[in-house]
Structure formats: C-alpha cells, structure tokens
Amino acid sequence: MESGSYVPADIERKWQRIWEEEGTFFAKEDPSKPKYYVLIEFPYPSGEGLHVGHPRSYTALDVVARKRRLEGYNVLYPIGWDAFGLPTENYAVKNKVHPAEVTKRNIARYRQQLKSLGFSFDWSREFSTTDPDYYKWTQWIFLKFFEKGLAYKAEIPINWCTSCKIGLANEEVVNGVCERCGGEVVRRVKSQWMLKITAYAERLLRDLDMVDYIEKVRVQQENWIGRSEGAEVLFPIAGSDRTITVFTTRPDTLFGATYMVLSPEHPLIDELKAQITNTDEVEAYREQTARKSDFERTELALEKTGVPLKGISAINPCTKKEIPVWISDYVLMSYGTGAIMAVPAHDSRDYEFAKKFGLPIVEVISGGDISKEAYTSVDEGTLVNSGFLNGLSVKDAVRRITEWLQEQGIGTPKVNYKLRDWVFSRQRYWGEPIPLVSCDDCGFVPVPEDELPVRLPDVQHYEPTDTGESPLANIESFVNTTCPRCGKPAKRETDTMPNWAGSSWYFLRYTDPHNDKEFASWDKVSYWLPVDWYNGGMEHTTLHLLYSRFWHKFLYDCGLVPTPEPYRKRTSHGMILGEDNEKMSKSRGNVVNPDDLVREFGADTFRVYEMFLGAFDQASPWSQQGVRGCRRFLDRVWRLQDMVVDGDEYSPELETLMHQTAKKVSDDIERMKFNTAVAALMTLVNAFYERGQALKAEFRDFLILLNPFAPHISEELWERMGFAGRISGQEWVQWDESKALEDTIDIPIQVNGKIRGTVTVARSAQKEEIRSKAEEDKAIAKFISDRQIVKEVYVPGKIYSIVVK
RNA sequence: GCGAAAGUGGCGGAAUGGCAGACGCGCUAGACUUAGGAUCUAGUGAGCUUAGCUCGUGGGGGUUCAAGUCCCCCCUUUCGCACCA
C-alpha cells in the first residue's frame, strides 16, 4: 500500500468541512455528561489580521478542549468578536468608511483565518459585541448598575488623551501616554459616567481565595486593588474650628508627626484662604501642579516640591504642639483623604521633604539611624518620645493608639484601597450608547427596557468634536427625544461605553447567544458556569479581568448568575516574539502571518509548532526553521501508515513507552507543558521508526494522543486506517502506571560524588545486589577496592552512592 | 525604589535534590540520487596526554553522599507597580 505524500491543504479543508457539516463541536446542554467550559479572550478584529502570536492561546485551549471531549466531557469552546473601539473608528475616520463596514470586513477576515487553523470552536454561538442584539444587553446591564446607584456622574479630573480626544481610565495610561495611540495624556476636569467598582474592592480581593489563578495574576490583582489598613485621624487647625483629616497606616508614629501636607487640589485650601498669608505663592504652585500631567507629576518628579500655607498651623493631637501645614504634589487628592500627617523620621518620602525644607525630624521608634535615613521597619524597634506609647512594639503601639484615638473621638480605624472607580464614558462614536435620557425635570432617566437597544445612528461623520464631546452630540435626530418619565422634550446621553464593557460579560452570552428575552437564561448560565479554564494575556490582568469579575459579582448580587466568581481557573500565555527576538510589530517588520504558514506547511504543522516552540507561559522567539522541523515530524507521522502491521495489543518492545507517552502527554497538557508533550509524541514516532513498524493498537492510540495538537492529520489517518467512527468521537488513551515503568533499569554508581559507571538490574533489586554488581564492574571497582567504605546511600530506582576513604 | 520571573550547547529549549543538555533546529560525515531546501543512517557541550580523564547550568560562598534545582551575597535581563501616606 502506497499512501502518497502528505498534502495538508487537501485533508485540512476536507475535515474542516466535515466538522462543520456534522456539527462536531456544537455544544448542547447535556445533563448526562460533566460540562467543561473552555474560554479564550475573544479577539479584537483589527485591520491587520491575525499574527502568529494570537493563536498561541487559541491553540493551547483547543488542545485542552479536544482532550476534554475525548475524556467524556461536554465541552463549550466558543468564539466571538470584541469589535467596538478606537482602532476601528480611527481607521474608519481616516479612510471614510463606516466603522460598521470596517468591522464587518475585519471579522470576515479573522473568521476565515481562525477557521483555517481548525480550532474546535462552537461557531454556532458566534457574535460580536457590536451586534445590536448583543449590546442591547450590555446597555441593559448598565441600567442595572444605574438603578442600584453604582453608575454615577462625577466631575473629576480625568486622564485626557490629547490625540484620541477621550478620557482614559488610569489603567489605560501607560508611562504617561495613551495606551492605544501613544498620545500625550493630561489632566482635565470633565463630567463622566463612573462605575463604582470600589464598592466591590474588598470582595474582589477576598474572593481571589475562591479561584485558581496563576500566582502572577493573583498577585497583580491584589496589588492593583491595593488594600491597606490604618486609621483616619483628625488634626485641629489652630485658631479655627476646622480640622484636617488624614489617613495613615502608621498611627503608632503619631507623636512623630512634625508637619502636615495637603494635596494642592485639597478643597480646604480655598476654605482657609482668608487665613493664608502667602496666597499668591500658594496659587502659583497650585496652577503649576494643575498644568502637569500625571506623568510629569509622578514619574518625572525627581525632587520634592512644595509651599507652606503661611498663617495656618495644625495641632498634633498627641504632642499638642502646633505644626506647619504645607501643600505638595507628592500628596495625591485621589488617595485617602488627600492629606497626610508627615512623620519624616519614619517615612522616606516625608524624610526627603523635611530634609529639603528644613522641617523637624523627631524619632519616635528606636532601632534606626535617622541622621542618615528614615527608619521604616515595622517588625522591630521600640516606641520612644511618644508619651504613653513609650516602650511598646510597633504592633502594640498601633493597637493602643487606635483605641486611644477612638476614645478621644479623633480617629477611627480605616481601610483604604488603591483601586479607583472606573471612568465609563467615552466621547466617541464606535461604542455602546449609554442608554440614558437627560430631562430638565427628572434628571437622568433610563431608557425603558422595551426600547433597548439604543442604536447607534447611521451617519457619515463620527469625528470627535473639538469640545471633547461625543460625535453623537452633533446628531440632532439622535440627541433630541422625549423624557420616558414625564414626556417632555429631553436629550439623550451622547457618551458611549468603553470597549471593556462588551468584554465584561461576553462569556455569559456564549451560554445562550440567541436569547432575545434575557441576556442569558438562568438554566443556561447555571449549566455552563463557571468558566472552567480561562486563558489570556497578562496585559488584561488589571483591566478586563478585574472589570469582568466586578460585573459578574454585581449580576450575582442581582440574582442573575449562579456563581460569585466567573472564572474557576485563569492562566496566561507568554508572548511570541519575532525571529529577531523583539516584540512582533508592523513597524519592526518582523510580523509572521499564519496564512502564509498554513499555505506552505499546513494548519497542523502550524499548531504543533505553536505548542512546541517553547514553554507556554514564557516569551519565545519564532523560528521558521523550527516550523520546518514540525512539518518534518508530521511527514514522518504520515508515512507511518505504511509501517502499520496488525496487532490488537501493544508490542512487548513498545509497551512501556506507550504507557509512558500516554501518561506524559496527558500530564503535560494539564500542566500546560505543551512543548514537552509534543516532544514525547516525537520520541514515540522515533521509536516506531527505529523498530521499522507500529502495531495497529499502538498507532491507534498514538493518533488519539496526537489529535488535540494535529486534528486534521489524525482524523485523516484514522479514517485511512479503517478505524471505526471519527477520532473526535473516541476516548482518551488510558495508561497503566505500573506498565509505564521499565522492568530493568540502569542504576548509576556514584563514588565520592562522581558517577563512575552504571549497573543494570531489575527494578526490584535490593541494595546488596547493586553493591555486588558494582564491585564486579572493573571500571567501578577500581574506585572502591582498597578503600574503606564510609557511607552508602541507595535511592531505589535512582542512584547508588558510595563514599570511600 | 518596590515586587515577580528568568539567566543551561551555535539556537529554541528539557531535567519530583539523584547519569545536565530530552525533543527540535542548525551543523558534520555517509547512503540514495541527474539534483537536493527531499529521505535515511551515524555523530554533534568544552578541553586533554582520548581504552579514558578533567571541566561545565551568570559570578562568589555554603548545606548535602549528591546542587541547574536548596540557603546567603553579587551581577545581568525581562515584566509589573511606582510619591497609594
């Protein structure tokens, strides 16, 4: 039998058609099977199409999804499009094409590319966040937030991208520039819709205990939420009935507070204006600060600056001494109370400030040398110069002073978070309209549910306005409406949502994508949730992942989803770099396009290489030579069909290796060590070649193990071998732990720490047998004989170690 | 500055404290061939006085019968956070 050569193009198209026709990967609720929900971050369909980095995650979880199906799970592995957002809109504006049209084209391209790679997605559940049927429910969920008071409008300084002309969330500002376009970001006060994610800060933190996230992700979320315990303390202002409230994590150092600092934006400054004697100087400093971007203010601030509020002094409630009050931009209005008590002896920032401006430094915790630097340790050191706290440890002093503050009515324990509320407004066209109507009499009124979705008007111009308002503001037919509550003329909200909105709940919609009565039925979400395994990029750890957990918890509180957490397990993949070891980008010209690879080598080769090129969680460079090697491997697999001979059981020669391979491939997939799983499959193929044949039973199981990685070729060979049914309908290979062990083993003999040879013994051999065999071996014996044996260690099955003198 | 991860052949990378370099690429030699960017076979960490020996996982110490792996110090790279009181 001559099988002809391996032509991926023929068999890949064939099997993709068959899977589609037979609906092989369409998920149906089936209570007789355990369910398994596999999720990848759905792509943003950009104009450039896929590059080889994107499919790394899709391939890995496709391997998992296919393995789970073979293991008897009812698997949901869905796909869709996160298609609202700036790149599309910017492209549309530039090229005078409607964003909806651009989106349609981009999706078509991505769909075709993904289909060519043979992922086992359930394409029947595909949707885009830009579909009115979908964003209707995004708007609906927003209205729930609004109803519960978690969506509110605030005049706050926002990060304003001067290039995109939109407000950005803190998370979207990277190194002082816009994450998307790299444009300059300045602070600007604007009335914005906000979502109160801070109301969920504690639960977002605490419930990390309920889920299985890789360490890196968990730690980053914890740091981003940034919980810290401390106390709020009131400092009276001398000669005034006003007070300054500060937050401190070190109330134990209160006796060492020698001055105070307000943020330049602090409202108290205006209230105290009458008493301030250097108003000009103060105002000049405040203006100077306002002009600075956050980047200049934080990243570039090499040296502390500040101005004293002359005429104002506060009273340290412990020492009763009057202390000066300064303003400085090292104190942020957005954290705590926007004011601090400065303890220069025990806080390095305060220390630096005090040194520069000659402010007093009083040691209240012994143990350091405050003539050199601030002493910030909390684990050792004893309170000094602190009245009733003297002699206590830091820990005890914190407890004692907090009690005292409460007794005096001038302080309370307090928890603060770094996490800020989510700026939810965008002044752009290509996003979900915020479904509210502004009425002079009724205020903001929700659009009634039966009028959702509020559709984007189909217009020619969607350039941002110079005033920074949304392009929608210029469209009168959109803006002018009537108040749903009182019927009077009213205006629609013209801000749209950020593109994090649609991605905050898409995994719920996948469970019931065509439902026009609900965002998803209770039955469906109850069956499929939580997502069992979610893989995505580290870059989404503090944005998307936190936002979607927040939405999910909110929906849980509304009784709309069955679980407090959306994702049971979260993992993350490393980046695929260009051949030059640099990040792939158009500008570097090192982008590799999967289309070319599929054409030249086939989708299976592409998939195998994606999994083989390096450790999944680490960045690895692409190598065209490496791809060739994987193609060579599949060519060898293809030719195996001519080497298969009858045999319903494993041959004695390969039995151990078969069991070892099944075990290794299975374990490695679970541990996301896809590269070593592929290596194990290669080793097995090498063994078949060495032997010159493979028994039917061996080849059959090999194909099943290969299937998740190379689904097309394994399906095709399965059929050609005349095995029953489809390979995608088989059971995963079982292995026998005891048969995965060799019966005879080589034990290395170590003398004084050096390997001097090996002896071959039965696995069950005892120490004595190995010892005598070692002594019979001349090469080994010469290192032992005539010496005195001081120590012997035998680690069964591993090594025999002898120490001689 | 803080936190995390990493540093292993010419390259990508393997190694529950137990024979470092699996698997692949590349390279060398041979076979087959009109040809080879096909295929097959063998070899491939370095050095040496080459039946073998010595050295070898960023550098320096240490623990251990045994260290890439554990501990201490240092260097480098990448990523995240960055005046969060």
Side-chain angles (χ1 to χ4, degrees), chain A residues 5 174-175 215-217 219-220 222-224 226-228 230 246-250 253 257 260-261 263 297-299 301-302 304 328-332 334-343 346-350 352-353 416-420 538-539 541-542 574-575 577 579 581 583 608-609 612-615 617-630 632-633 635-636 639 664 673 675-686 689-690 746-758 778-779 789-804:
Chain A
S5 56
V174 176
N175 288 330
E215 175 82 2
K216 249 196 319 193
V217 170
V219 167
Q220 271 192 36
E222 283 170 358
N223 291 343
W224 193 263
R227 182 184 201 274
S228 54
V246 301
F247 172 70
T248 177
T249 55
R250 296 294 305 277
T253 61
M260 304 191 77
V261 186
S263 163
R297 184 163 163 181
T298 61
E299 322 270 316
L302 299 173
K304 299 256 181 299
S328 170
D329 63 5
Y330 86 91
V331 174
L332 309 175
S334 49
Y335 183 77
T337 61
I340 62 158
M341 64 176 208
V343 185
H346 306 289
D347 181 288
S348 42
R349 296 153 302 181
D350 298 344
E352 196 190 323
F353 192 83
N416 260 316
Y417 303 90
K418 285 200 254 181
L419 185 70
R420 314 284 160 79
M538 279 311 290
E539 68 273 22
T541 301
T542 48
M575 215 185 308
L577 306 170
E579 296 215 63
N581 238 306
K583 191 172 168 174
V608 169
Y609 181 65
F612 184 66
L613 90 174
D617 57 354
Q618 274 158 33
S620 301
W622 186 263
S623 155
Q624 207 69 2
Q625 287 301 332
V627 179
R628 207 155 266 140
C630 289
R632 218 145 29 211
F633 165 62
D635 279 327
R636 278 159 72 80
R639 290 196 303 273
K664 177 134 189 76
K673 299 278 186 182
N675 54 339
T676 50
V678 172
L681 291 168
M682 289 172 168
T683 304
L684 181 57
V685 167
N686 291 346
Y689 271 80
E690 223 161 276
D746 291 337
I747 297 291
I749 308 298
Q750 199 176 51
V751 184
N752 286 358
K754 289 199 163 75
I755 303 295
R756 296 301 183 181
T758 61
K778 284 192 192 102
I789 293 177
V790 192
K791 185 167 183 175
E792 287 170 90
V793 179
Y794 176 51
V795 183
K798 293 284 185 195
I799 201 163
Y800 191 82
S801 182
I802 304 168
V803 186
V804 297

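Just so it is clear, the model here is predicted, and its values are computed rather than measured. Order of the sequence lines sets the chain letters (A, B, ...), proteins ahead of strands, with each chain counted from 1.
- In this entry the distance linking CG of A:Asp347 with C1' of B:G1 reads 13 Å, nearest Å.
- A:Asp746 comes within contact range of at least one nucleobase, with a heavy-atom separation under 4.0 Å.
- Between A:Glu215 atom CD and B:C79 atom P there is a gap of 20 Å when expressed in whole angstrom units.
- Residues A:Thr676 and A:Cys630 both approach RNA chain B. Their nearest nucleotides, taken by heavy-atom distance, put A:Thr676 toward the 5′ side.
- Judged by distance alone with a 3.5 Å cut-off, no donor-acceptor contact links the side chain of A:Lys216 to the base of B:C79.
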Practice prompt. Toss me the dot-bracket line for RNA chain B: Watson-Crick and G-U wobble, both under 3.5 Å, 5' to 3', using | for pairs to another strand and [ ] for crossers.
Written response: (((((((..(((.....[....)))((((((.......))))))((((...))))..(((((..]....))))))))))))....
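- Note that OG1 of A:Thr248 and CE of A:Met341 are 3.5 Å apart. Values are rounded to the nearest 0.5 Å.
- In this structure, A:Ile799 atom CD1 and B:G17 atom C1' are separated by 10 Å, rounded to whole Å.
- Within the structure, every side-chain polar atom (N or O) of A:Asn675 is placed at least 4.0 Å from both OP1 and OP2 of B:G12.
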Enumerate, atom names and distances included, each donor-acceptor pair closer than 3.5 Å involving a side-chain atom of residues 795-804 of chain A, sequence neighbours excluded.
residue, atom, partner, partner atom, Å
A:Tyr800, OH, A:Glu792, OE1, 2.4
A:Ser801, OG, A:Gln750, OE1, 3.1

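- A:Ser620 comes within contact range of the sugar-phosphate backbone alone, with a heavy-atom separation under 4.0 Å but no base atom that close.
- Contacts of A:Arg227 with the nucleic acid, taken as non-hydrogen atoms under 4.0 Å apart, are absent.
- Among the atoms of the strands shown, none is found under 4.0 Å from any heavy atom of A:Ala342.
- Here A:Ser228 reaches the OP1 or OP2 of B:A85: one of its side-chain N or O atoms lies under 4.0 Å away.
- Within a 6.0 Å radius of CE in A:Met538, other residues, nucleotides and ligands contribute more than 12 heavy atoms.
- Atom CZ of A:Arg632 is separated from atom P of B:U41 by 13 Å (rounded to the nearest Å).
- A close approach under 4.0 Å does not occur between any side-chain nitrogen or oxygen of A:Ser801 and OP1 or OP2 of B:G18.
- Between A:Leu613 and A:Val678, the residue anchored nearer the 5' end of RNA chain B, judged by the nucleotide with its closest heavy atom, is A:Leu613.
- Taking each heavy atom of A:Lys583 and A:Met575 in turn, the nearest pair found is CG-SD, 3.6 Å.
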Worksheet entry | side chain to side chain contact (heavy atoms under 4.5 Å, CB included) between A:Ile340 and A:Asp350, intermediate numbers included | CA-CA 10 Å; A:Ile340 62 158; A:Asp350 298 344; 3.5 Å; yes
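- Of the candidate nucleotides B:C23, B:A6, B:C53, B:A6 has the atom nearest to the side chain of A:Gln618.
- Within the 4.0 Å cut-off from OP1 or OP2 of B:G26, at least one side-chain nitrogen or oxygen of A:Gln625 is found.
- Remark: the separation of the C1' atoms in B:G7 and B:A14 is 16 Å, to the nearest Å.
- Considering only side-chain atoms of A:Ile755, the nucleotide from B:C65, B:C19, B:G80 that sits closest is B:C19.
- Counting non-hydrogen atoms under 4.0 angstrom, A:Gly226 reaches nothing in the nucleic acid.
- For B:G37 and B:A15, the C1' atoms lie 33 Å apart once the distance is rounded to whole Å.
- Glycosidic conformation, B:G9: syn, with the torsion inside 90° of 0.
- For the pair A:Leu577 CG and B:A6 C1', the interatomic distance rounds to 14 Å; values are reported in whole Å.
- With values rounded to the nearest 0.5 angstrom, A:Thr683 atom OG1 is found 10.5 Å from A:Glu690 atom CD.
- Distance A:Trp622 CH2 to B:G13 C1': 16 Å, rounded to the nearest Å.
- Nucleotides B:C40 and B:G24 have their P atoms positioned 11 Å apart, rounded to a whole Å.
- Out of B:A85, B:C25, B:G12, the shortest distance to the side chain of A:Ile340 is found at B:A85.
- Residue A:Ala615 is classed as a sugar-phosphate contact, given heavy-atom separations below 4.0 Å to backbone atoms only.
- Judged by distance alone with a 3.5 Å cut-off, a donor-acceptor contact links the side chain of A:Gln750 to the base of B:G18.
- Contact annotation: A:Asn581 side-chain N/O to B:C11 OP1/OP2 distance is not under 4.0 Å.
- The A:Ala679 side chain lies nearest to B:A22 when the options are B:A22, B:C53, B:A82.
- A sub-4.0 Å separation between OP1 or OP2 of B:C40 and a side-chain N or O of A:Arg639 is present.
- Rounded to a whole angstrom, the distance from the C1' atom of B:A35 to that of B:C19 is 44 Å.
- Residue A:Lys791 has a polar side-chain atom (N or O) positioned under 4.0 Å from OP1 or OP2 of B:C65.
- For the pair A:Lys304 and A:Tyr330, the cation-pi criterion (under 6.0 Å, within 45° of the ring axis) is fulfilled.
- B:G47 and B:G3 have their C1' atoms separated by 42 Å, given to the nearest Å.
- Between the OG atom in A:Ser623 and the CZ atom in A:Phe612 there is a gap of 10.5 Å [rounded to 0.5 Å].
- Candidate nucleotides B:C53, B:G18, B:C81 were compared by shortest atom distance to the side chain of A:Val795, and B:G18 ranks first.
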Item to complete: Could you walk me through whether A:Ser228 and A:Phe247 pass the side chain to side chain contact (heavy atoms under 4.5 Å, CB included) test, one step at a time?
Response: CA-CA 10 Å; A:Ser228 54; A:Phe247 172 70; 4.0 Å; yes
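- We find the OH-CZ distance between A:Tyr609 and A:Arg628 to be 11.5 Å, quoted to the nearest 0.5 Å.
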Worksheet item: Step by step, would you call A:Asn686 with A:Arg636 a side chain to side chain contact (heavy atoms under 4.5 Å, CB included)?
Response: CA-CA 9 Å; A:Asn686 291 346; A:Arg636 278 159 72 80; 2.9 Å; yes
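- Protein atom CG of A:Leu681 is 15 Å distant from nucleotide atom C1' of B:A14, rounded to whole Å.
- When the P atom is used for both B:A20 and B:A66, the distance is 14 Å, rounded to whole Å.
- Computed from coordinates, the A:Asn223 CG to B:C79 P distance equals 18 Å when rounded to whole Å.
- Of the side-chain N and O atoms in A:Arg628, none sit less than 4.0 angstrom from OP1 or OP2 of B:G24.
- Using a 4.0 Å cut-off, some side-chain N or O of A:Arg636 falls inside it from OP1 or OP2 of B:C40.
- With P as the reference atom, B:A22 and B:A46 are 13 Å apart, rounded to whole Å.
- Comparing B:C19, B:A85, B:G18 against the side chain of A:Thr249 picks out B:A85 as the nearest.
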